[in-house]
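Worksheet: one structure, shown below.
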2 protein chains.
Amino acid sequence: MELFFVSLSETNIFRGLTAENIAGLMDGRPFRTREYVRDEYVAYSHDVCHDMLFVVKGSVRGEMTDFSGKRLKIEDIPAPRPLAAAFIFGKENRYPVDIIANEPSTILTIPRDVLIYILQHSQVVLQNYLNAISSRTQFLSNKIRFLSFKTIKEKIANYILSQMKSNQMTIVLDQTQTELADFFGVTRPSLARALAEMQEEGLLRAERREITILDKEKLNNLLNK
Amino acid sequence: MELFFVSLSETNIFRGLTAENIAGLMDGRPFRTREYVRDEYVAYSHDVCHDMLFVVKGSVRGEMTDFSGKRLKIEDIPAPRPLAAAFIFGKENRYPVDIIANEPSTILTIPRDVLIYILQHSQVVLQNYLNAISSRTQFLSNKIRFLSFKTIKEKIANYILSQMKSNQMTIVLDQTQTELADFFGVTRPSLARALAEMQEEGLLRAERREITILDKEKLNNLLNK
DNA sequence: TCGCATTTGTAACATATGATACAAAATAGC
DNA sequence: GCTATTTTGTATCATATGTTACAAATGCGA
């Protein structure tokens with residue numbers, strides 16, 4: 001059995017299939033593997049994305065050129081992982097970044113037609129694929145919802161109200177204030193100050209990791225502008 | 001031909017198929033339609049989403065209950081449109097909002113299994129479906145990228161650098177400062193002040209709708225922290 | 001062309017947050 | 001139980017942005 005089928009079977013897209021299953025599915029369909037040397041370009045930003053790519057050996061990175069020509073690394077992608085799940089369909093099916101090999105690496109390329117064939121002939125792969133992009137959508141939606149709270153007090157109100165279990169008025173943080181501040185994307189003293197002010201205003205009582213909700217109504221009003 | 005197949009053929013998911021095609025695809029598969037009266041609940045927030053829903057007649061709204069019990073309308077969804085494309089797969093396959101009929105409406109419900117069957121037997125629907133969720137992912141990614149610029153100057157730098165056509169150093173805004181400020185989510189005087197300061201710093205020249213880039217390098221540095 | 005409405009520039013002040021610093025309190029390791 | 005480290009509370013100052021107000025510049029319709 002080719003080693004890259006084993007590698008594929010370890011990706012989230014082909015999970016649940018054996019290397020033999022995958023070989024059977026792809027049998028007679030066009031796909032190719034290619035070795036890249038260190039720093040070789042696998043794909044170029046803005047190119048139309050016709051194929052699904054898998055890193056089956058080595059690792060690659062996403063890199064972009066900013067407006068002034070400077071290079072910025074975006075992400076490292078080690079084998080075994082799919083590369084273009086989100087770019088191959090949709091209105092703007094172009095690579096958003098350059099893809100460059102970090103080390104000698106093997107990329108397996110599956111044309112879009114073949115991917116569609118596979119999705120139509122393996123329920124497991126279809127479900128995996130749909131789950132992968134749907135999870136990503138849900139992740140991004142949550143992130144945007146979270147980013148929509150502008151002030152630290154709004155973030156705090158949203159956080160403690162969503163942590164609250166069944167009208168239990170006291171919650172205990174499972175992370176330090178430093179970690180929470182980091183999660184909120186604010187500085188630690190600013191978080192502590194916001195908590196102190198909210199206590200001053202009678203919304204809650206905060207002592208170290210224990211927060212008691214005193215005025216749920218007012219807390220909530222912070223969230224609806 | 002049932003009217004709801006005609007309605008389905010007008011949705012982005014079934015676009016490209018005729019009502020007859022769709023009827024053929026669904027023939028013998030379980031699905032159901034149901035009428036809802038005004039203000040009747042179609043689905044409840046947090047319920048697990050097992051089915052794909054289509055509004056084939058009337059209109060529904062997404063509504064959520066905030067932490068204090070207040071009701072908030074999120075979105076109106078008129079026929080003909082799919083409802084749950086993004087919630088039916090993925091880790092958290094639950095409705096994020098309540099779905100409530102605005103008026104007497106008809107909802108067509110396709111169980112997930114049947115949806116998968118359809119995706120595997122119609123290449124058109126599969127591609128439509130993948131395009132729909134991929135476009136949404138791309139849209140959300142762009143939105144997050146935009147939100148990641150924190151200061152007004154960063155937003156301005158990003159905006160004018162991306163508007164710049166082929167090293168043309170002058171760009172002319174196609175909207176008023178008020179509209180641009182609104183697009184950035186900031187106030188108009190703050191935008192004007194930021195522009196004035198950037199001019200002071202020698203980055204650009206701004207007079208009314210005409211902006212001339214004077215120091216592309218420094219503008220760009222604003223974007224890479 | 002005149003007069004009014006819109007757009008733009010700018011100023012003064014208020015607020016939210018970041019940066020930095022330091023001490024008190026809690027915790028962990030020995 | 002003692003000490004060193006981490007965590008928390010707080011203060012001061014700087015900066016970015018919002019809020020409000022008003023005047024100058026522009027554009028538009030009669």
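Here is how names work: the chains are called A, B, and so on, in the same order as the sequence lines, proteins then strands, and each is numbered from 1.
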Nearest to the side chain of [X], heavy atoms from C-beta on, is which of [options]?
{"X": "B:Ser190", "options": "C:dT8, D:dG18, C:dT10", "result": "D:dG18"}
{"X": "B:Thr176", "options": "C:dT7, D:dG18, C:dA26", "result": "C:dT7"}
{"X": "B:Arg193", "options": "C:dC22, D:dT7, D:dT17", "result": "D:dT17"}
{"X": "B:Thr151", "options": "D:dT8, C:dG18, D:dT17", "result": "D:dT17"}
{"X": "B:Ile152", "options": "C:dG9, C:dT17, D:dT17", "result": "D:dT17"}
{"X": "A:Ala192", "options": "D:dT10, D:dA21, C:dG18", "result": "D:dT10"}

Assuming nearest nucleotide by heavy-atom distance, tell me which of A:Lys150 and B:Gln177 is located more 5' along DNA chain C.
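Checking each residue's closest nucleotide, the 5'-ward one belongs to B:Gln177.
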
For the pair B:Phe54 and B:Phe14, name the ring-plane relationship: parallel under 30°, tilted 30 to 60°, perpendicular over 60°.
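Tilted, since the angle between the ring planes falls between 30° and 60°.
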
Write down the distance between [atom1] ([X]) and [atom2] ([N]), rounded to a whole number of angstrom.
{"X": "A:Leu191", "N": "D:dA11", "atom1": "CG", "atom2": "C1'", "result": "17 Å"}
{"X": "A:Glu154", "N": "C:dA16", "atom1": "CD", "atom2": "P", "result": "11 Å"}
{"X": "A:Arg209", "N": "D:dG9", "atom1": "CZ", "atom2": "P", "result": "11 Å"}
{"X": "B:Gln199", "N": "C:dG9", "atom1": "CD", "atom2": "C1'", "result": "11 Å"}
{"X": "B:Glu200", "N": "D:dA16", "atom1": "CD", "atom2": "C1'", "result": "17 Å"}
{"X": "B:Glu179", "N": "C:dT7", "atom1": "CD", "atom2": "P", "result": "7 Å"}
{"X": "A:Leu222", "N": "C:dA16", "atom1": "CG", "atom2": "C1'", "result": "14 Å"}
{"X": "B:Arg208", "N": "D:dG27", "atom1": "CZ", "atom2": "P", "result": "6 Å"}

Using 4.0 Å as the upper bound for N to carboxylate O, is an ion pair formed by A:Lys57 and A:Glu10?
no

Answer whether the closest heavy-atom distance between the side chains of A:Leu130 and A:Leu119 falls below 4.5 Å.
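A:Leu130 vs A:Leu119: side chains apart.
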
Knowing that exactly one of A:Glu210, A:Met169, A:Gln199, A:Met198 qualifies, which makes a side chain to side chain contact (heavy atoms under 4.5 Å, CB included) with A:Arg205?
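With A:Arg205 as partner, side chain to side chain contact (heavy atoms under 4.5 Å, CB included) holds for just one option, A:Gln199.
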
Residue closer to the 5' end of DNA chain D, B:Arg188 versus B:Ala194 (nearest nucleotide)
B:Ala194

Establish, yes or no, whether a centroid distance under 6.0 Å links the rings of B:Tyr44 and B:Tyr41.
yes

